[in-house]
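Reviewing the structure listed below.
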Amino acid sequence: MSVVLNFRSHLSDLFAQAVRIVAPEVTEIDIVIERPKHVQHGDYACNLAMQLARLLRKAPNEIARSLITALPTSHVVEKVEIAGAGFINIFITVAAKQNVVHGVLRAGMGYGHIHLGAGRKLQVEFVSANPTGPLHVGHGRGAAVGDCLCRVLQAAGWNVTREFYYNDAGVQIDNLAISVQLRCMGISPDDLSWPENGYRGEYIADVARAYMAQEMVEADDQHVQASGDIGDLRAIRSFSVAYLRSEQDLDLRAFGVNFDVYSLESALYTDGKVEETVNRLIASGYTYEQDNALWLRTTDFGDDKDRVMRKSDGSYTYFVPDVAYHLDKWRRGFVRVINEQGADHHSTITRVRAGLQALDAGIPPDWPDYVLHQMVTVLRNGEEVKISKRAGSYVTLRDLIDEVGCDATRFFLAARHPDSQLVFDIDLAKSKSNENPVYYIQYAHARICSVLGQWKGDIAELHRANVSVLDSENERALLQHLIDYPQVIESAAKDLAPHLIAFFLKDLAADLHGYYNATRFLVEDEDIKLARLALIAAVAQVMRNGLALLGVSAPAKM
RNA sequence: GUGCCCGUAGCUCAAUCGGAUAGAGCACCAGCCUUCUAAGCUGGGGGUUACAGGUUCGAUUCCUGUCGGGCACGCCA
């Protein structure tokens, strides 16, 4: 008897065959196999009969009966029932469910990996903070969501590239260079001569000190030696950018986020890609000159007004290198690109897509994809920590990692739907108590490790456990969770919603704690003992796999 | 004013391309440690899914409007 690990796709296949017999004229129909909320509705449910009712002009119940008759037999199906308005409820045999324990133990770290992406090239661009200051909580959310998304998509079979884009060529960088230069000259933001657009944060003084001390900084691909020459704005500029990039890289590394590719806006200029993009846009006929500037008719592609490409001073707006950058992504062969950004950048979506359409390069109109996360507010001692752009003060990612820890910070930032505003309660994230979901999950894993450690047996023995004795309510619930795990990865990957992993793990941990309290594992009966240990070993494996997707550790002891 | 996102238990949040009786945690109440980690478990109360319509077998989910919160509306990024 073969072990079926993915019941949903197995059932989907069975129903597809049934449809070919019952309604051969219907060729295009989505077969939805869902998990009912209530146990009396079986393990899986199919609404096919209701979907077909209108097409076939027959009563759903009648269609359901025909479908069941036409359904090929399967050793994993215990029985099927018609219920409600025409749902077909499917009950899986207990033996098939119990076998998932062996499936998980055999697959190990690979359990839950699916082939949705089929090895296709996908790129996620995230964080992409300007090198003008330290990363703050908002960037942290982008880093956590983006990185977890990458891990989920990899588990779903995509060939994922993590990419960071530095806007190191615009007006903001000029402001940065001037701010550092002023600090080098001993002028502070309190001074009346401090420019309106200057950066006021204390970190600017750190950059200035390092520059004056002729320090050397390394940022990924470059080494920059400070000359200490106050008059050399270009030198100050490149040193400042390298310095802040290097700081950001350290923060990200401490956060467990590693990028495969760093792209620099400045490189798009030096490589001629910006110029090429401009020429192509002009050639496409969507541009025009007005008010001494060059415009792109983005309104032809759904924008609410046309956008300036080349300013009256001759330089380009940020949006031109953005288009050039995305054309480059397309040429690098990414079938799918996902840009994870703060929602305050949402207006760029229409613009970038419009620019790409104007290129007439065969790029799909809805390419690239976007995941936008909403704002993060930070709570300390029950009060909101206000950010002050004027004073340049805010809660940095580094502060959070130092104070709260990497695990809790990642979990809190990734465990909510990106679309909803997030309140980061520092005291809650720090608390080592039952209020903290991170520890709740990790504790479940540690408890299992502790039991397995006291057993002192060889894990390989568990592969031979007779799992047919696993039939209590707690055991059934845990088996079902193990079975659901690959499906959760599929949902998270399809919906670009990594927070689903966190909720799954909370549920799994709750069931494990319940089981732990209700059951003794190290009992006399060898069969029962091995079966129970095999089950919790499989649970621990899935917890490790799931936590790995969040980038959160799975400690064996707490 | 226009566009996008959000509105679910007192609080923080879920809800499987529209599915069957909307779920967790916290807080509150009552219990469980001489037995594998009590950072845990068991039970209890708590809802007109902001509001009003519409679409259909069926709506927290889709559409329209109203109210409330956030963000964006630059030749900044």
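So that the names make sense, note that chain A is the first sequence line, chain B the second, and so on, each numbered from 1.
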Looking for any heavy atom pair under 4.0 Å, which part of the strands does [X] touch: base, sugar-phosphate only, or nothing?
{"X": "Ala502(A)", "answer": "nothing"}
{"X": "Leu500(A)", "answer": "sugar-phosphate"}
{"X": "Val32(A)", "answer": "base"}
{"X": "Arg532(A)", "answer": "nothing"}
{"X": "Lys557(A)", "answer": "base"}
{"X": "Ala45(A)", "answer": "base"}
{"X": "Asn89(A)", "answer": "base"}
{"X": "Arg520(A)", "answer": "base"}

* Lys58(A) NZ: over 12 foreign heavy atoms closer than 6.0 Å -> no
Do you see a donor-acceptor pair shorter than 3.5 Å between the side chains of [X] and [Y]?
{"X": "Tyr439(A)", "Y": "Asp407(A)", "result": "no"}
{"X": "Asp313(A)", "Y": "Ser315(A)", "result": "yes"}
{"X": "Arg447(A)", "Y": "His513(A)", "result": "yes"}
{"X": "Asp303(A)", "Y": "Thr350(A)", "result": "no"}
{"X": "Ser472(A)", "Y": "Arg476(A)", "result": "no"}

* Taking the chi torsion of C33(B), is it syn (within 90° of 0) or anti (everything else)? -> syn
Please determine, for the side chain of [X], which listed nucleotide ([options]) has the closest atom?
{"X": "Met50(A)", "options": "A14(B), U37(B), C57(B)", "answer": "C57(B)"}
{"X": "Ser491(A)", "options": "C41(B), U16(B), U12(B)", "answer": "U16(B)"}
{"X": "Arg416(A)", "options": "U37(B), U16(B), A14(B)", "answer": "A14(B)"}
{"X": "His417(A)", "options": "C36(B), G19(B), A14(B)", "answer": "A14(B)"}

* To do: Using the ring of Tyr44(A) (Phe, Tyr or Trp, six-membered ring only), decide whether Arg35(A) places NZ or CZ under 6.0 Å from its centre and within 45 degrees of its axis.
  => yes
Roughly how many Å is it from [atom1] in [X] to [atom2] in [N], rounded to a whole number?
{"X": "Tyr516(A)", "N": "C41(B)", "atom1": "OH", "atom2": "P", "value": "12 Å"}
{"X": "Glu34(A)", "N": "U61(B)", "atom1": "CD", "atom2": "P", "value": "17 Å"}
{"X": "Phe411(A)", "N": "U12(B)", "atom1": "CZ", "atom2": "C1'", "value": "13 Å"}
{"X": "Asp425(A)", "N": "A27(B)", "atom1": "CG", "atom2": "P", "value": "13 Å"}
{"X": "Asn474(A)", "N": "G40(B)", "atom1": "CG", "atom2": "C1'", "value": "13 Å"}
{"X": "Ile426(A)", "N": "U12(B)", "atom1": "CD1", "atom2": "P", "value": "17 Å"}
{"X": "Phe503(A)", "N": "U12(B)", "atom1": "CZ", "atom2": "P", "value": "14 Å"}
{"X": "Leu512(A)", "N": "G40(B)", "atom1": "CG", "atom2": "P", "value": "13 Å"}

* Asked: Nucleotide by nucleotide, 5' to 3', does protein get under 4.0 Å of the base (B), only the sugar-phosphate (S), or neither (-) in nucleotides 67-77 of chain B, counting heavy atoms?
  -> --BSBSSSBBB
With [atom1] as the reference atom in both, quote the distance from [N] to [M] in angstrom, rounded to an integer.
{"N": "A20(B)", "M": "C26(B)", "atom1": "P", "value": "26 Å"}
{"N": "C4(B)", "M": "G46(B)", "atom1": "P", "value": "40 Å"}
{"N": "G18(B)", "M": "U49(B)", "atom1": "C1'", "value": "15 Å"}
{"N": "G47(B)", "M": "G10(B)", "atom1": "P", "value": "7 Å"}
{"N": "A50(B)", "M": "G45(B)", "atom1": "P", "value": "24 Å"}
{"N": "C73(B)", "M": "U12(B)", "atom1": "C1'", "value": "32 Å"}
{"N": "G58(B)", "M": "G65(B)", "atom1": "P", "value": "24 Å"}
{"N": "G31(B)", "M": "C71(B)", "atom1": "C1'", "value": "48 Å"}

* Asked: Could you walk me through whether Phe504(A) and Tyr485(A) pass the ring-ring contact (aromatic ring centres under 6.0 Å, His included) check?
  -> CA-CA 8 Å; Phe504(A) 169 84; Tyr485(A) 181 63; 5.4 Å; yes
Check whether any side-chain heavy atom of [X] lies under 4.5 Å from a side-chain heavy atom of [Y], and answer yes or no.
{"X": "Asp369(A)", "Y": "Asn339(A)", "value": "no"}
{"X": "Ile489(A)", "Y": "Leu116(A)", "value": "no"}
{"X": "Leu356(A)", "Y": "Pro368(A)", "value": "yes"}

Within the pair [X] and [N], is there a side-chain N or O less than 4.0 Å away from OP1 or OP2?
{"X": "Tyr443(A)", "N": "C41(B)", "answer": "no"}
{"X": "Ser450(A)", "N": "C36(B)", "answer": "no"}
{"X": "His499(A)", "N": "A15(B)", "answer": "yes"}
{"X": "Lys506(A)", "N": "A24(B)", "answer": "no"}
{"X": "Arg35(A)", "N": "G19(B)", "answer": "no"}

* Asked: Of Ala509(A) and Gln40(A), whose nearest nucleotide on RNA chain B comes first from the 5' end?
  -> Gln40(A)
* **5' precedence on RNA chain B between Ala510(A) and Ala85(A) (nearest-nucleotide basis)** => Ala510(A)
* Pairing annotation in dot-bracket form, given for RNA chain B with Watson-Crick or G-U pairs under 3.5 Å and | for cross-strand partners -> (((((((..((((.....[...)))).(((((.......))))).....(((((..]....))))))))))))....
* Can Phe87(A) be called stacked on A20(B) when the rule is centres closer than 5.5 Å and an angle between planes below 30°? -> yes
* Asked: For the residue pair Tyr262(A) and Tyr166(A), does the interplanar ring angle fall in the parallel (under 30°), tilted (30 to 60°) or perpendicular (over 60°) class?
  -> parallel
* **side-chain hydrogen bond (donor to acceptor under 3.5 Å, both in side chains) against Glu163(A), all qualifying residues, sequence neighbours excluded** => Gln123(A), Ser263(A), Tyr325(A), Arg332(A)
